[in-house]
2 protein chains.
Amino acid sequence: MTEITGTGDPARSLSLLWRLVEPSPRGRGAEAGLSVDRVVDTAIALADAEGLGALSMRRLAADLGVGAMTLYTYVPAKAELLDLMVDSALGEFPSLYSPVADHWRARLEAVARASWSQYERHPWLLHVAASGRPPLGPGVLTKYELGLQAVDGTGLDEVAMDAVFTLIEGFVAGTARGVVDQVAAEEATGITETEWWEATAPILDRVFDPERFPTVTRVGPVAGEAQQAAYDPRKAFEFGLVRLLDGVAVLVDGSP
Amino acid sequence: MTEITGTGDPARSLSLLWRLVEPSPRGRGAEAGLSVDRVVDTAIALADAEGLGALSMRRLAADLGVGAMTLYTYVPAKAELLDLMVDSALGEFPSLYSPVADHWRARLEAVARASWSQYERHPWLLHVAASGRPPLGPGVLTKYELGLQAVDGTGLDEVAMDAVFTLIEGFVAGTARGVVDQVAAEEATGITETEWWEATAPILDRVFDPERFPTVTRVGPVAGEAQQAAYDPRKAFEFGLVRLLDGVAVLVDGSP
DNA sequence: TTCCTTGTCGTACACTGTACGACTAGCCCT
DNA sequence: AGGGCTAGTCGTACAGTGTACGACAAGGAA
């Protein structure tokens with residue numbers, strides 16, 4: 001279930017992201033000590049613990065000890081809440097990234113691994129469709145800043161710097177999604193990846209025609225055996241990262 | 001809204017995917033001429049035209065002129081229906097791919113572009129989470145076969161062949177998702193990407209601190225201007241594809 | 001003709017986001 | 001001190017979701 005963000009007008013979203021206006025509670029809200037931050041933090045905790053599927057407005061309100069509609073005092077709609085959650089979670093990036101390395105390749109690899117662990121900590125990040133119009137709050141910009149710094153000083157122009165960071169970031173998100181989907185599938189079905197593959201492989205063997213799929217017949221079992229599944233996202237991450245950095249090296253240095 | 005697939009047991013799913021058992025209708029179903037294929041084809045047509053969000057069991061049944069629960073005669077649940085849709089849509093791959101090229105790099109690029117146009121034709125493919133446990137039907141295997149053939153004869157071993165195809169495929173899916181999300185955002189908000197960027201950029205200028213984000217301050221506006229948006233997935237595709245193929249070339253030939 | 005199998009489908013349940021409007025607690029002004 | 005207004009709270013309602021259950025009916029077999 002991917003959720004869409006940023007419904008309302010950009011100005012409203014931005015002023016929320018940067019906390020330009022805070023609805024200072026005067027009424028009974030003061031009792032509960034509610035605030036945008038508390039709503040967002042609780043929502044993140046809920047999504048971390050039980051997934052984005054468990055994050056309904058009613059449930060979040062119950063966790064906060066208020067009525068469902070009270071949330072709409074602090075947040076215009078669920079879409080904006082998700083924006084705020086994304087920005088807040090991505091803001092943790094600096095604590096996961098140590099930019100000690102002095103070579104761009106080491107820096108970029110560190111960025112990729114820090115990003116990877118962000119998605120491990122907050123898997124629901126991959127289920128909010130922030131692609132086209134990211135919530136341009138402090139958290140997102142901080143991550144973007146550090147990502148760009150990693151490719152700074154390589155001689156690449158500004159457009160290429162942006163493109164390289166975007167490429168790495170998209171790759172990490174894609175492979176991380178693999179992990180998340182596998183975990184979700186395990187929880188939904190109660191069957192582990194290995195069990196599923198062991199149940200599927202023999203049936204598949206009988207059903208499909210080696211003459212129609214000669215290359216799959218040769219490659220599939222070997223690959224499947226190597227990763228004990230149809231797909232191992234962690235291995236895909238390690239493999240792909242090297243290819244990607246090699247490709248960027250060609251652009252930067254003219255050779256890997 | 002990403003939907004999960006493959007709830008039931010693998011054996012049941014596989015026999016459906018390969019059409020091992022067809023519920024030959026004897027009762028009133030014969031009047032409507034219903035079949036698994038007709039259900040799947042109609043579901044694909046609906047998802048193509050109005051998106052995965054419009055694909056509810058009630059709506060699909062209405063399009064077929066039957067009651068909602070009738071669908072469950074042909075398909076165990078919505079998850080399995082999605083599996084069947086994915087496999088059927090991916091089966092169109094050969095008609096989009098001409099493997100004339102005799103160099104692996106040209107073949108792999110053709111695979112990437114064919115895959116890209118699949119996601120253009122069926123954007124909803126990107127919203128079903130098939131990652132970990134793909135529906136291993138004839139359509140998926142056909143695409144996998146042709147993808148593997150593209151990297152065959154390069155001297156790579158079986159595990160690496162699988163890894164390269166997976167890497168390319170993941171990259172295409174990731175960037176294609178960018179397009180889909182942008183279109184979805186435009187339809188949901190009524191604001192085009194360019195309009196959104198033009199509304200956001202000036203506000204953002206005032207709100208954020210150049211000293212805190214020096215590299216973003218330098219790179220962001222140049223990149224934003226170059227693509228008239230925060231992100232241009234088509235340019236990201238062209239840029240990333242070259243990097244990726246360069247990286248694979250290093251693996252295959254030892255140099256780009 | 002009677003029975004049984006098998007496809008059809010109306011109803012019901014628990015759930016979603018949020019529009020609307022009623023309620024009330026606290027602040028300001030007189 | 002008292003009245004009025006502002007602004008946060010939240011109960012109810014609506015249109016939708018996937019699908020379990022069980023009633024129904026039509027065709028083939030005896």
Side-chain angles (χ1 to χ4, degrees), chain A residues 1-8 12 21-36 38-39 43 46-47 50-85 127-128 188-189, chain B residues 1-8 12 21-36 38-39 43 46-47 50-85 127-128 188-189:
Chain A
M1 143 245 7
T2 305
E3 314 224 20
I4 281 199
T5 67
T7 305
R12 176 81 188 270
V21 285
E22 190 88 14
S24 52
R26 267 190 357 216
R28 278 175 303 178
E31 298 170 18
L34 234 49
S35 67
V36 174
R38 230 168 81 74
V39 169
L46 176 54
E50 304 184 38
L52 206 55
L55 178 67
S56 73
M57 298 302 267
R58 276 174 252 258
R59 171 65 195 278
L60 174 58
D63 282 15
L64 283 161
V66 298
M69 294 313 291
T70 300
L71 299 176
Y72 290 86
T73 305
Y74 300 90
V75 153
K78 198 187 183 185
E80 279 78 4
L81 171 61
L82 289 168
D83 274 349
L84 291 167
M85 291 170 66
H127 291 303
V128 311
T189 63
Chain B
M1 138 254 0
T2 304
E3 313 225 19
I4 282 199
T5 67
T7 306
R12 175 78 189 273
V21 285
E22 189 89 14
S24 52
R26 267 191 356 216
R28 279 174 302 177
E31 299 169 19
L34 233 51
S35 67
V36 174
R38 231 168 81 74
V39 169
L46 175 54
E50 304 182 38
L52 205 55
L55 178 67
S56 73
M57 299 301 267
R58 278 174 249 259
R59 172 66 195 279
L60 175 57
D63 282 14
L64 283 161
V66 298
M69 294 314 290
T70 300
L71 299 176
Y72 290 86
T73 305
Y74 300 91
V75 153
K78 198 187 185 186
E80 278 79 3
L81 171 62
L82 289 167
D83 274 349
L84 291 167
M85 291 170 64
H127 290 303
V128 312
T189 62

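So you know, we letter chains A, B, ... as the sequences are listed, proteins then strands, and number each from 1.
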Item checked: Any N/O donor-acceptor pair, Arg59(B) side-chain to dT17(D) base, under 3.5 Å -> no
Exercise. For the side chain of Arg58(B) and the base of dG16(D), is some donor closer than 3.5 Å to an acceptor across the two?
Worked result: no
Return the value, rounded to whole Å, for the distance between atom [atom1] of [X] and atom [atom2] of [N].
{"X": "Leu82(B)", "N": "dT17(D)", "atom1": "CG", "atom2": "C1'", "result": "14 Å"}
{"X": "Leu55(B)", "N": "dG16(D)", "atom1": "CG", "atom2": "C1'", "result": "14 Å"}
{"X": "Met69(A)", "N": "dT16(C)", "atom1": "CE", "atom2": "C1'", "result": "13 Å"}
{"X": "Lys78(A)", "N": "dG17(C)", "atom1": "NZ", "atom2": "C1'", "result": "8 Å"}
{"X": "Leu64(B)", "N": "dC9(C)", "atom1": "CG", "atom2": "C1'", "result": "14 Å"}
{"X": "Leu81(A)", "N": "dT16(C)", "atom1": "CG", "atom2": "C1'", "result": "15 Å"}
{"X": "Leu60(A)", "N": "dC10(D)", "atom1": "CG", "atom2": "P", "result": "13 Å"}
{"X": "Tyr72(B)", "N": "dC21(D)", "atom1": "OH", "atom2": "C1'", "result": "13 Å"}

Under a 4.5 Å cut-off applied to non-hydrogen side-chain atoms, are Met57(B) and Tyr72(B) in contact?
yes
*Met85(A) side chain near Val128(A) side chain, heavy-atom distance below 4.5 Å*: no
Of Ser56(A) and Ala68(B), the one whose nearest nucleotide on DNA chain C sits closer to the 5' end is Ala68(B)
Among dG8(D), dG7(C), dG18(D), the one nearest any side-chain atom of Thr73(B) is dG7(C)
Problem set entry | Ion pair Arg59(A)/Glu50(A), N-O distance below 4.0 Å | yes
Rounding to 0.5 Å, atoms CG (Leu60(A)) and CG (Leu71(A)) come to a distance of 5.0 Å
OP1 or OP2 of dT9(D) sitting under 4.0 Å from any side-chain N/O of Tyr74(A)? yes
Discussion item. Tell me whether the side-chain N/O atoms of Thr70(A) come closer than 4.0 Å to OP1 or OP2 in dC10(D).
Written reply: yes
Correct closest heavy-atom pair for Val36(B) and Tyr74(B) would be CG2-O, 3.7 Å
